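Predicted model only: the values in this text are computed from it and were never measured. Start at 1 with the first residue, then count along the sequence.
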Amino acid sequence: MPNHLFDYFRENFPDELATSFLLTPDGGAVDYAEIEGRTGRLANLFHSLGVQSGDRIAVQTEKSVDALFVYLAAVRAGAVYLPLNPAYTAGEVRYFLGDAEPALFICRPEDEAAMQVLAQELGVPNLLTLGADGDGGLVEAMAGQPVEFSDADRGEDDLAAILYTSGTTGRSKGAMLTHGNLRSNAEVLRTYWGFTSKDRMLHALPIFHTHGLFVATNTILAAGGSMIFLPRFDAGEIVRLLPQATCMMGVPTFYMRLLAEPAFTRELTSHMRLFISGSAPLSAETHREFRARTGHAILERYGMTEINMHTSNPYEGERVPGSVGFPLPGGEVRIADLESGKALDQGDVGVIEVCGPNVFKGYWRMPEKTAEEFRSDGFFITGDLGYIDAQGYVYIAGRAKDLIIAGGFNIYPAEVENALDALTQVAESAVIGVPHPDLGEAVVAVVKAADGAPHDEQILIAALADDLARFKQPRRVVFVDELPRNAMGKVQKKALREDYAGLFSS
């Protein structure tokens, strides 16, 4: 099996290169033959600008077909691909460019003036622009480049990408992912989830994140399949295009919004092979409601920027609501005490630790932080809390930093959220700990009420009496119109803790 990621993709291209790879909502199509041609021109362009193997190419653009080809061309050229969230401000981009020191920065045409100043200040030698509709200097510059390109000589331990983590606990860290990391995960997911060249995926995810870029795109390329490439999630567009697809990957918010669409019916989804959810916890209630509506059990899996995908509910077998399934082939999972690293008994909650060929190489230019996050035997400390049941299913109990300690008792927010979300009065919830003068921390539930449900915190607290011990029950319930989320649908609990830090102040 090739070590170079693009060689691996090429080996799995369909025999007929006129087969579609990407289809756009307006009826446009890009076939597999164009992958070779477009990435060849781009890779030659990169080399003409002095980009060498191991150099970083930073990209902050809107999702587009051309943006996806920049990723593939960077891999071919031996460069290290660095995608940045389009929502990042110039101040945030300053940090990433200063830390990664890219040889090339690709930004949106409308940002060119501001980013040119930034690039000159930080010593970034090349800047090009790329618009969502294919406008900008990049497409013009590649037009005169030759199609033929000899792929850079890269091995499985060489870097293919750097993805920066959100940095909610401090300065953002660049997770270094190798050709071997990405290739091994694509191969495992293709096999484990049963992907073939007959699959056509509805792709409505962003491509600056591991979910849309690596899990979705790499898996389809590994199978020689195709994607309907949407610029963003739109429930109406999903309903319209679903008859053309066989599978879909999404975040829980996607599925919650689809359930609110009257046209999203069992008949509409009857031909679908697979729905997959990730990037944020899928509530057991949403899982059950989706199955009742469509007859499909959403397949939930678990991963993160540093490890790609590591566990999954089975493709064939019981997909348990609330669980993220079993370790994927080739990977290991254990539950340990966060401080000592001692392995815990089955069923005990502790920090999730993993190892396998998909686990990243470390944090860019942070050797001390890298050393802190790995045990001496090579297991990566994810920072997520969880447990493994008697059948071997893995469950997530929350982030270690989200653990609430109230009056000396450990409280896992996910347990309280599951109880709240099971109530008919609750659409969704987020549970946090905030300072309390007596308890140290107190449990606070931030709730989006179901349509028509009263905003009455005492009714909700009383409804939990039979499901949760008193010390786990919220001391306060705060009602909001929407929970704050990042681009991948994860609830921003840090922001909630800041907003409600004074709730129990005298």
Side-chain angles (χ1 to χ4, degrees), residues 5-6 39 41-64 66-131 136-142 145 149 152 154 158-167 171-179 181-182 206-210 213-214 305 360-366:
L5 183 61
F6 193 84
T39 60
R41 286 193 174 94
L42 282 166
N44 277 307
L45 172 63
F46 297 157
H47 275 196
S48 75
L49 296 172
V51 177
Q52 302 295 316
S53 290
D55 285 347
R56 278 73 61 204
I57 296 177
V59 179
Q60 188 190 35
T61 65
E62 302 300 333
K63 180 181 179 181
S64 70
D66 290 302
L68 188 63
F69 279 110
V70 169
Y71 155 58
L72 296 173
V75 171
R76 283 194 74 180
V80 181
Y81 185 71
L82 170 55
L84 297 174
N85 189 333
Y88 285 147
T89 65
E92 290 168 314
V93 171
R94 177 191 299 275
Y95 167 74
F96 298 122
L97 297 185
D99 190 56
E101 296 183 310
L104 169 63
F105 178 35
I106 302 171
C107 69
R108 293 167 291 205
E110 61 267 30
D111 298 333
E112 182 176 12
M115 293 305 173
Q116 187 69 62
V117 172
L118 199 57
Q120 290 175 352
E121 177 187 335
L122 296 170
V124 178
N126 299 289
L127 184 141
L128 290 170
T129 59
L130 175 62
L138 177 77
V139 175
E140 295 173 8
M142 68 177 274
Q145 295 292 330
F149 180 80
R154 303 300 276 168
D158 290 316
L159 294 189
I162 295 175
L163 270 65
Y164 279 88
T165 61
S166 59
R171 137 182 195 228
S172 292
K173 308 181 293 292
M176 300 186 292
L177 296 161
T178 68
H179 284 253
N181 292 151
L182 299 180
I207 57 171
F208 60 81
H209 186 274
T210 189
L213 186 63
F214 299 145
T305 302
F360 77 136
K361 195 170 186 176
Y363 293 113
W364 173 255
R365 293 178 173 171
M366 289 185 174

Quiz item: How many angstroms lie between CZ in Arg41 and CZ in Phe46, if you round to the nearest 0.5 Å?
Solution: 13.5 Å
Quiz item: Okay, side chain of Thr129, backbone of Gly137: is any donor-acceptor separation there less than 3.5 Å?
Solution: yes
Exercise. Work out which heavy atom in Val80 is nearest to a heavy atom in Gly54; give both atom names and the distance.
Key: CG2-O, 3.6 Å
Exercise. Please check if the side chain of Glu92 supplies one atom and the backbone of Thr89 the other of a donor-acceptor pair under 3.5 Å.
Key: yes
Exercise. Report the distance from atom CZ of Phe105 to atom CD1 of Ile57, rounding to the nearest 0.5 Å.
Key: 12.5 Å
Quiz prompt | Note, Pro86 side chain near Phe208 side chain (heavy atom, < 4.5 Å) | solution = yes
Quiz item: Can you tell me how far the CE atom of Met115 sits from the CD atom of Gln120, to the nearest 0.5 Å?
Solution: 13.5 Å
Self-check item: Atom pair CG (Asp66) and OG1 (Thr61), whose distance is rounded to the nearest 0.5 Å
Solution: 9.0 Å
Quiz prompt | Residues which pass ring pair (Phe, Tyr, Trp, His ring centres under 6.0 Å) with His47, listed by chain and number, not counting sequence neighbours | solution = Phe149
Self-check item: Nearest heavy atoms of Pro102 and Val124, plus distance in Å
Solution: O-CG1, 3.7 Å
Quiz item: Can you name the nearest heavy-atom pair linking Ala90 to Leu118, along with the distance?
Solution: O-CD2, 3.7 Å
Exercise. Please answer whether the main-chain N or O of Leu49 pairs with a side-chain N or O of Asn126 as donor and acceptor at a distance below 3.5 Å.
Key: yes
Quiz prompt | Main-chain N/O of Leu72 paired to Thr39 side chain as donor or acceptor, under 3.5 Å | solution = no
Self-check item: Distance (rounded to the nearest 0.5 Å) between His209 NE2 and Leu163 CG
Solution: 8.0 Å
Quiz item: Can any side-chain N or O of Arg365 pair as donor or acceptor with the backbone N or O of Asp99 at less than 3.5 Å?
Solution: yes
Self-check item: Spacing of Ile106 atom CD1 and Leu82 atom CG [to the nearest 0.5 Å]
Solution: 11.0 Å
Exercise. Measure the acute angle between the ring planes of Phe96 and Tyr88, then classify it against the limits of 30° and 60° as parallel, tilted or perpendicular.
Key: tilted
Quiz item: Do you know which two heavy atoms are closest between Ala161 and Phe214, and how far apart they sit?
Solution: CB-CZ, 3.7 Å
Quiz item: Just by modelled atom types, is the Arg108 backbone N or O under 3.5 Å from a matching donor or acceptor in the Glu62 side chain?
Solution: no
Practice problem: List the atom of Ala103, the atom of Pro125, and the distance in Å for their closest heavy-atom pair. | Solution: O-CG, 3.3 Å
Quiz prompt | Any Val70 side-chain heavy atom under 4.5 Å of Tyr81 side chain | solution = yes
Self-check item: Shortest non-hydrogen contact between Ala77 and Ser53, atoms and distance
Solution: O-OG, 3.9 Å
Quiz item: Counting N and O atoms only, with roles assigned by atom type, does the side chain of Arg56 sit under 3.5 Å from a partner on the main chain of Leu104, one being a donor and the other an acceptor?
Solution: no
Self-check item: Option from Leu177, Asn181, Thr178 for which side-chain contact (heavy atoms from CB on, under 4.5 Å) with Leu159 holds
Solution: Thr178
Exercise. Give a yes or no on whether the backbone of Ser172 and the side-chain of Tyr95 come within a donor-acceptor separation of less than 3.5 Å.
Key: yes
